[in-house]
Amino acid sequence: MTTEGTRLEIFSTWLSKATLVASTLFLALMALHVTLDVTLRFLIGTSFPGTLEVVSFYYMIGVVFLPLAYVELQREHISVDVLVGRFPAGMQLVIYLFAGLLGLAYFGLLGYQSLLDAMRATGRLETAMANFTFYLWPSRWALPLGFAAMCLATLANMIKAIRLRHAL
């Protein structure tokens, strides 16, 4: 179990860092795109068509959903453990694992539904109403990827907690 758990942790770490890098690239692109759009509007009175759509449907989706796994592996999600912190270590581990199972169920269901939505959107070549053809379907795939990475990170943290015999 330790070897498989370690492999899962390594893969989860790699995937979370890859999605974090992608998210960072989306953030940088968004900053450059908006800055260039505002600069063009100020200097020559025109802007890029579709800036709002690209920022809303591509950049923001990547920035929000892709880094979830990295935040989980760093244990930086919001948590309140005022009560649980007073429990014995064994009980804290049990509660941590139960919360992990709930997280796996929650993000697993979100990932499953978003996967179905992404497949449906891809099959229909989903577009947004704009002055030009603006495809939405590629951005739909960020959600199942982000939720799958989140589930993997949660599972890796749970295995690590069991191996270390204490809640993370």
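- Hydrophobic cluster membership is shared by Y58 and L136, with clusters built from Ile, Leu, Val, Met, Phe, Trp and Tyr side chains linked at under 4.5 angstrom.
- Using modelled atom types and a 3.5 Å distance limit, the side chains of T127 and W137 yield no donor-acceptor pair.
- By the criterion of side-chain heavy atoms lying less than 4.5 angstrom apart, applied directly or through intervening Ile, Leu, Val, Met, Phe, Trp or Tyr residues, Y106 is grouped together with L143 in one hydrophobic cluster.
- Between I61 and S139, the shortest heavy-atom contact is CG2-O, 3.7 Å.
- In this structure, the side chain of D37 does not engage the main chain of S47 through any donor-acceptor pair within 3.5 Å.
- For R124, the CZ atom is densely surrounded, since the number of other residues' heavy atoms within 6.0 Å is greater than 12.
- Counting non-hydrogen atoms of other residues, nucleotides and ligands closer than 6.0 Å to CZ of F134 gives a total above 12.
- Rounding to the nearest 0.5 angstrom, the gap separating the CG atom in L20 from the CD atom in Q74 is 9.0 Å.
- Ring geometry, F65 versus F147: the interplanar angle exceeds 60°, so the pair is classed perpendicular (tilted spans 30 to 60°).
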So M30 and V63, side chain to side chain contact (heavy atoms under 4.5 Å, CB included) or not? Walk me through it.
CA-CA 9 Å; M30 180 172 52; V63 167; 4.3 Å; yes
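- Within the 4.5 Å cutoff, no side-chain heavy atoms of M150 are placed close to those of V71.
- To the nearest 0.5 Å, atoms CZ (R41) and CG (L36) are separated by 11.5 Å.
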Test side chain to side chain contact (heavy atoms under 4.5 Å, CB included) applied to T19 and Y70, step by step:
CA-CA 8 Å; T19 55; Y70 184 79; 5.5 Å; no
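- No chain of hydrophobic side-chain contacts below 4.5 Å, direct or via other Ile, Leu, Val, Met, Phe, Trp or Tyr residues, connects V21 to W14.
- Q92 has its side chain within reach of V84: a pair of non-hydrogen atoms, C-beta onward, lies under 4.5 Å apart.
- In this structure, I159 is a member of the same hydrophobic cluster as L164, with clusters built from ILVMFWY side-chain heavy atoms closer than 4.5 Å.
- Applying the 6.0 Å contact sphere to CE of M60 captures no more than 12 heavy atoms from other residues, nucleotides or ligands.
- Residues N157 and E72 approach most closely at ND2-O, 2.9 Å, considering heavy atoms.
- Between A153 and A69, the shortest heavy-atom distance links the atoms CB-O, 3.6 Å.
- Here L15 contributes atom CG and L145 contributes atom CG; the two are 6.5 Å apart, rounded to the nearest 0.5 Å.
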Please walk me through it: do W141 and S114 pass side-chain hydrogen bond (donor to acceptor under 3.5 Å, both in side chains)?
CA-CA 8 Å; W141 289 96; S114 64; over 6 Å; no
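- Closest of all the heavy-atom pairs between G146 and L66 is N-CD2, 4.4 Å.
- Within the model, atoms CG of L155 and SG of C151 stand 8.5 Å from one another, a figure rounded to the nearest 0.5 Å.
- F87 CZ to I95 CD1: the interatomic distance, rounded to the nearest 0.5 Å, is 5.0 Å.
- Classification of E9 and K160 as a salt-bridged pair fails, no side-chain N sitting under 4.0 Å from a carboxylate O.
- Separation of atoms NE2 (H33) and CG (L52) is listed at 10.0 Å; rounding is to 0.5 Å.
- For the pair A118 and P144, the tightest heavy-atom approach, listed with the atom from each and the gap, is CB-CG, 4.2 Å.
- Ring orientation note: the planes of F26 and Y59 are tilted relative to one another, at an angle of 30° to 60°.
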Which is it for L68 and H77 under the side chain to side chain contact (heavy atoms under 4.5 Å, CB included) test, yes or no, and what are the steps along the way?
CA-CA 9 Å; L68 287 173; H77 283 288; 4.1 Å; yes
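- With a 4.5 Å cut-off on side-chain heavy atoms, L93 and H166 do not count as touching.
- A heavy-atom distance below 4.5 Å is not found between the side chains of L168 and M158.
- In the displayed structure, F107 atom CZ is contacted under 6.0 Å by more than 12 heavy atoms of other residues, nucleotides or ligands.
- Scanning both residues, L73 and A156, for their nearest heavy atoms gives CD2-CB, 4.4 Å.
- Taking hydrophobic clusters as Ile, Leu, Val, Met, Phe, Trp and Tyr residues chained together by side-chain heavy-atom distances below 4.5 Å, F98 does not share a cluster with V94.
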